[in-house]
Q: 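Dropping the structure in here first, questions after.
Chain letters run A, B, ... following the sequence lines, proteins first and then strands; every chain starts at 1. Since the structure is predicted, the reported quantities are computational estimates derived from the model, not experimental observations.
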Amino acid sequence: MLNPREIRENSSFIEEGLNRRGLKVNLDLLKAHSKKLKELEQQRSNLQAEGNAVGKEVGKQIKAGKQPNGDEVALLRNKGNSIKTKVSLIEEEEKTLKKLIKEQILHYPNLPSSDCPDGKNEKDNIQIRTWGKPLVGEDFKEHWQIAEELGLLDTERSVRIAKSRFVTLLGQGAKLERSLINFMLDMHTSKGYKEVLPPVLVNTASLEGSGQLPKFAEESFRCSEDDLWLTPTAEVPLTSLHRDEIIPFENLPIKYVAYSPCFRREAGSYGKDTRGLIRLHQFNKVELYWFVDSANSNEAYKQITEDAEAILQALELPYRVMKLCTGDLGFSASSTHDLEVWLPGANSYREISSCSLCDDFQARRSSIRTKKGKQTHLVHTLNASGLAIGRTMAAVLENGQQSDGTVKIPEALVPYFGKPFLKS
RNA sequence: GGAGAGGUGGCUGAGUGGUUGAAAGCGGCUCCCUGCUAAGGAGUUACAGGAGGCAACUCCUGUCGAGGGUUCGAAUCCCUCCCUCUCCGCCA
């Protein structure tokens, strides 16, 4: 959430930031509303002070022996009543204004950080480094083909169970998925991340707190009978793990790693990536999440990205790191590095992790603060996929495929998978 | 699903209409005392918004699960909702 105070006092700065994201906004009206609200609040608070004094005076007089129904007390009562009427009128006005303001502010995304490159869409993203040597050639199969040939998954029967864009992993496929999850969790926990297994049904407040609501309701599955949604990413429950808390300063940074299934409706992506493991309504993901003091978030941003990259390196999967331009930035992020893994079968790089710095955007929405001395201030939050499991499996299959139809398992994964090759 | 109990500060727990943002205890912090430790003493210890001052800080308003209502005045009375706990039933 953008800072309401800043909107009031420095709206052009906010407008510029939103413009860089390609949002043409004029905050004049919002600013006027916000200023008006402050005025009303001040008026009301003055009246309330007056009313409190009247109340106290009545108490004093009755204690001093004045008749509760006597003239002097009645006069004060009248005064109290007239103040009350005025206050309730103002409160009504405040309420509508507040609602109006909140609705608008919740719809505005985070401001891009100053080092975030300007641009319209993913074509303007900037490659900042690459790792490994991409395999290039005509003969590489796509991962869904390999998976089918090796009997790792069943898409057709998954439609019977659920619908399209769901997958059932079988045999070695299921085991490969499980070994990837365990491998990633182990690697991250060994670096000081605390493992979390959160609820995957989350309430509206949680989705609002991390920025998925109110704007992206159509992207999430909702339980119609309850105030619960299927989480689209563990980022949601992890943010809300500390919602409405003041985290002791000495506890920062807090670093979590969570495995969770993720659910997305993928509205608007009909026809895209219809085969295989790339785009599903349900997929597994290991997520990294940091709560840090605002002074240390840039350093943390670098570290969390490297922690995600370490998995790709350990799995010997070539990748590149892209710095997202302002037009491609996610709603809550002020800066994002995408990790794109090389898929020789698809002959392209594919996003496998998104590492984002959210500054105080989620912290403000979720009211997550820390206290240094007597000063309470918002923390900064960061998140990174570490990694998306289905896409990692796709990458392992495509990069490890051999001419004889088997797949070589990366060495680091062998202790988890149990054998160095995948064959039918 | 049935029956009951309850939601107060970091925690335990008082408080049923009038300086109660809230007793007491525990915990935390600061200082004092003490050869060290233990014990002891004094003080301090919620959050949000706003006004004023360079600042230390001072002041105002709101907040005792949430929202309404009664009243000059509500943690305290009334209504609605939410949540938690216990017992029974059911169940992985």
Q: Can you identify which nucleotide, out of B:G50, B:C47, B:G18, has its nearest atom closest to the A:Val58 side chain?
A: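 Among the listed nucleotides, the one closest to the side chain of A:Val58 is B:G18.
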Q: Taking atom C1' of B:C82 as reference, at what distance in whole Å does atom CG of A:Asp226 sit?
A: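 For the pair A:Asp226 CG and B:C82 C1', the rounded distance is 13 Å.
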Q: Going 5' to 3' along nucleotides 60-68 of chain B, which nucleotides have protein heavy atoms under 4.0 Å from the base (write B), which only from the sugar-phosphate (write S), and which from neither (write -)?
A: SSS-----S
Q: Is the Lys NZ or Arg CZ of A:Lys255 less than 6.0 Å from the centre of A:Tyr193's six-membered ring, within 45° of the axis?
A: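 Positive - A:Lys255 is close enough to the ring of A:Tyr193 and near enough to its axis.
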Q: Should B:U37 form a Watson-Crick or G-U wobble pair with both distances under 3.5 Å, which nucleotide is its partner?
A: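 Pairing partner: none.
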Q: Could you please name the option among B:G50, B:C72, B:C47 that lies closest to any side-chain atom of A:Thr376?
A: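 Of all the options, the side chain of A:Thr376 is nearest to B:C47.
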Q: C1' atom, B:U86 versus B:A23: distance in rounded Å?
A: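 So the two C1' atoms sit 29 Å from each other.
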Q: Any salt bridge between A:Glu94 and A:Arg44, counting N to O under 4.0 Å?
A: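 So A:Glu94 pairs with A:Arg44 through a salt bridge.
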Q: Using the P atom as the point on both nucleotides, what is the distance between B:G50 and B:G69, in whole Å?
A: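 It comes out at 25 Å once rounded to the nearest Å.
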Q: Have a look at A:Arg364 and say if it touches a base, only the backbone sugar-phosphate, or nothing, with a 4.0 Å heavy-atom cut-off.
A: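 No contact at all - A:Arg364 keeps every heavy atom at 4.0 Å or more from the nucleic acid.
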Q: Determine the contact category for A:Ile246: base if any of its heavy atoms lies under 4.0 Å from a base atom, sugar-phosphate if only primed atoms, P, OP1 or OP2 are that close, otherwise nothing.
A: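 Sugar-phosphate, no base atom in range.
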Q: Determine the interatomic distance between C1' on B:G65 and the same-named atom on B:C82; round to the nearest Å.
A: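 To the nearest whole Å, 8 Å.
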Q: Given B:G50, is OP1 or OP2 found less than 4.0 Å from the side-chain N or O atoms of A:Arg8?
A: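 The answer is yes; a side-chain N or O of A:Arg8 sits under 4.0 Å from OP1 or OP2.
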Q: Give me the distance, rounded to whole Å, that separates B:C81 from B:G2 when you measure between the P atoms they each carry.
A: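 So the two P atoms sit 15 Å from each other.
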Q: Hey, is the main chain of A:Leu324 close enough, under 3.5 Å, to the side chain of A:Asn125 for a donor-acceptor pair?
A: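 No; judged by distance alone, with no hydrogens or angles, the pair does not exist.
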Q: Across all strands shown, which nucleotide pairs with B:U80 by Watson-Crick or G-U wobble geometry, both distances under 3.5 Å?
A: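 Paired with B:A66.
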Q: Does A:Asp360 pair with A:Arg364 as a salt bridge, N-O distance under 4.0 Å?
A: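 Yes, charged N to carboxylate O under 4.0 Å.
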Q: I'd like the P distance from B:A3 over to B:A22, given in whole Å.
A: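 That atom pair is separated by 41 Å.
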Q: Quantified in whole Å, what is the P atom distance between nucleotide B:G15 and nucleotide B:C29?
A: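 Their P atoms lie roughly 31 Å apart.
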Q: Taking only the side-chain nitrogens and oxygens of A:Arg369, find out if one of them lies under 4.0 Å from OP1 or OP2 of B:A48.
A: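 A:Arg369 to B:A48 OP1/OP2: side-chain N or O found under 4.0 Å.
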Q: Could you give the CZ-to-P distance, from A:Phe249 to B:G10, as a whole number of Å?
A: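 The answer, rounded to whole Å, is 20 Å.
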Q: Taking only Lys NZ, Arg NE, NH1 and NH2, and the carboxylate oxygens of Asp or Glu, determine whether A:Glu92 and A:Lys95 approach each other closer than 4.0 Å.
A: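 Judged by the 4.0 Å cut-off on N to carboxylate O distance, A:Glu92 and A:Lys95 do not form a salt bridge.
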Q: Go ahead and name the base partner of B:U30; Watson-Crick or wobble counts if both distances stay under 3.5 Å, otherwise write none.
A: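 B:A42 is the nucleotide pairing with B:U30.
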Q: Just the rounded figure in Å: distance from P of B:G50 to NZ of A:Lys98.
A: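 A:Lys98 atom NZ is separated from B:G50 atom P by 11 Å.
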Q: Where the side chain of A:Lys56 is defined as all heavy atoms beyond and including C-beta, which of B:U19, B:G49, B:C72 is the nearest nucleotide?
A: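 Side chain of A:Lys56 sits closest to B:U19.
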Q: Rounded to the nearest Å, what distance is computed from the CZ atom of residue A:Arg243 to the P atom of nucleotide B:C47?
A: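 For the pair A:Arg243 CZ and B:C47 P, the rounded distance is 20 Å.
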Q: Could you label the plane-to-plane angle of the A:Tyr256 and A:His242 rings as parallel, tilted or perpendicular, counting under 30° as parallel and over 60° as perpendicular?
A: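 Ring orientation, 0 to 90° scale: parallel.
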Q: Is B:U20 paired to anything, Watson-Crick or G-U wobble with both distances less than 3.5 Å, and if yes, which nucleotide?
A: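 Partner of B:U20: none found under 3.5 Å.
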Q: Starting at CG of A:Asn78 and ending at P of B:U71, how long is that distance when rounded to a whole Å?
A: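 Checked: the CG to P distance equals 13 Å.
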Q: Between atom NZ in A:Lys35 and atom C1' in B:A51, what is the gap in whole Å?
A: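 Value for this atom pair: 17 Å.
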Q: When both hydrogen-bonding distances must be under 3.5 Å and the geometry is Watson-Crick or G-U wobble, what is B:A14 paired with, if anything?
A: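 Paired with no nucleotide.
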Q: Tell me which nucleotide among B:C72, B:G50, B:C47 gets nearest to the side chain of A:Lys371.
A: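 Nearest nucleotide to the side chain: B:C47.
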Q: Both distances under 3.5 Å, Watson-Crick or G-U wobble: report the partner of B:C87, or none.
A: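 Base-paired to B:G2.
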Q: Parallel under 30°, tilted from 30 to 60°, perpendicular over 60°: which one fits the rings of A:Tyr416 and A:Phe183?
A: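 Aromatic pair A:Tyr416/A:Phe183 classed perpendicular.
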Q: Taking atom C1' in both B:G6 and B:U20, compute the distance separating them and give it to the nearest angstrom.
A: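 That atom pair is separated by 22 Å.
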Q: Which residue, A:His380, A:Lys372, A:His377, forms the side-chain hydrogen bond (donor to acceptor under 3.5 Å, both in side chains) with A:Asp293?
A: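 Option passing the side-chain hydrogen bond (donor to acceptor under 3.5 Å, both in side chains) with A:Asp293: A:His377.
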Q: In whole angstrom, what separates A:Arg77's CZ from B:U70's P?
A: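 These atoms are roughly 16 Å apart.
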Q: Could you give the CG-to-C1' distance, from A:Asp244 to B:A48, as a whole number of Å?
A: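 After rounding, the gap between these two atoms is 12 Å.
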Q: Quick one, A:Leu357 and A:Asn298 - any side-chain contact, counting heavy atoms below 4.5 Å?
A: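 Side chain of A:Leu357 against side chain of A:Asn298, heavy atoms only: contact under 4.5 Å found.
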Q: In the structure shown, which nucleotide is the Watson-Crick or G-U wobble counterpart of B:A48, with both distances under 3.5 Å?
A: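 Base-paired to B:U61.
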Q: What interatomic distance, in whole Å, is found between P of B:G10 and the corresponding atom of B:C64?
A: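 Here B:C64 and B:G10 have their P atoms 14 Å from each other.
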Q: Can you list everything that forms a side chain to side chain donor-acceptor pair (under 3.5 Å) with A:Glu91? Sequence neighbours excluded, please.
A: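 Partners of A:Glu91 under the side chain to side chain donor-acceptor pair (under 3.5 Å) test: none.
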Q: Base, sugar-phosphate alone, or nothing: which one does A:Lys38 contact when heavy atoms must sit under 4.0 Å apart?
A: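 The residue A:Lys38 makes sugar-phosphate contact but no base contact.
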Q: By nearest heavy atom, map A:His377 and A:Leu76 onto RNA chain B; which one lands nearer the 5' end?
A: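 The 5'-side residue here is A:His377.
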